[in-house]
Amino acid sequence: MQILRQQHQKTREHLKTLFMDVLRSYGIDSMIRWNGFEFEGKTTGTRIRGEISHDEILVEISGWFERLAAQKLREGWNELVMKGLV
């Protein structure tokens with residue numbers, strides 16, 4: 001299991017929008033189901049779930065492609081950081 005934990009300074013609503021854009025850029029947004037600020041999804045033997053709190057985003061990834069999915073999400077997060085969005 002891969003766990004990603006990142007601190008943020010934005011509102012939960014703003015971070016949810018940014019995170020959805022990252023998921024969309026990697027083509028995995030359609031597998032994610034949201035329940036407020038908690039999310040969960042599953043595809044081809046890989047599961048992702050997590051939540052956005054007031055100061056942190058937590059993502060758990062497990063399954064066949066967990067390393068690849070975690071790498072892509074880290075890259076997306078780093079892009080947001082480099083652009084000064086989080």
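Keep in mind that the numbers below use all heavy atoms, side chains included, and drop hydrogens, waters and symmetry copies.
Connection of Ile52 to Val81 is established within a shared hydrophobic cluster, with ILVMFWY side chains joined at heavy-atom distances below 4.5 Å, either directly or through further cluster members. Leu15 and Leu85 fall within the same hydrophobic cluster, where Ile, Leu, Val, Met, Phe, Trp and Tyr residues are linked whenever their side-chain heavy atoms come under 4.5 Å apart, directly or through other members. Tracing side-chain contacts under 4.5 Å through hydrophobic residues (I, L, V, M, F, W, Y), one never reaches Leu58 starting from Phe37; they form parts of separate clusters. Cluster annotation: Val59 is not connected to Leu68 through the hydrophobic network of ILVMFWY side chains, with a link wherever side-chain heavy atoms come within less than 4.5 Å. Grouping the Ile, Leu, Val, Met, Phe, Trp and Tyr side chains by contacts below 4.5 angstrom, directly or via other members, places Leu73 apart from Met82.
Listed by first and then second residue, the salt bridge (Lys or Arg N to Asp or Glu O under 4.0 Å) pairs that reach into residues 31-47 are Glu40-Arg47, sequence neighbours excluded. Pairs engaging residues 38-86 under the ring-ring contact (aromatic ring centres under 6.0 Å, His included) rule: Phe19-Phe39, Trp34-Phe39 [sequence neighbours left out].
Put simply, the side chain of Gln2 reaches to within 4.5 Å of the side chain of Arg67, judged on heavy atoms. Between Leu4 and Arg74, the closest side-chain pair of non-hydrogen atoms falls below 4.5 Å.
Note that CG of Asp55 and CZ of Arg12 are 10.5 Å apart. Values are rounded to the nearest 0.5 Å. Atom CG in Asn35 sits 11.0 Å away from atom CD in Glu51 (nearest 0.5 Å).
Between Met31 and Thr43, the closest heavy-atom pair is SD-CG2, 3.1 Å.
Using modelled atom types, no side-chain atom of Lys72 and backbone atom of Val22 make a donor-acceptor pair closer than 3.5 Å. With Glu66 contributing its side chain and Gly63 its backbone, the two residues share a donor-acceptor pair below 3.5 Å. When atom types are taken as modelled, the side chain of Gln6 and the backbone of Ile57 share no donor-acceptor pair closer than 3.5 angstrom.
No option in His14, Met20, Glu13 other than Met20 meets the side-chain contact (heavy atoms from CB on, under 4.5 Å) test with Lys16.
By the 6.0 Å contact criterion, CD on Gln7 is enclosed, its count of non-hydrogen atoms from other residues, nucleotides or ligands being greater than 12.
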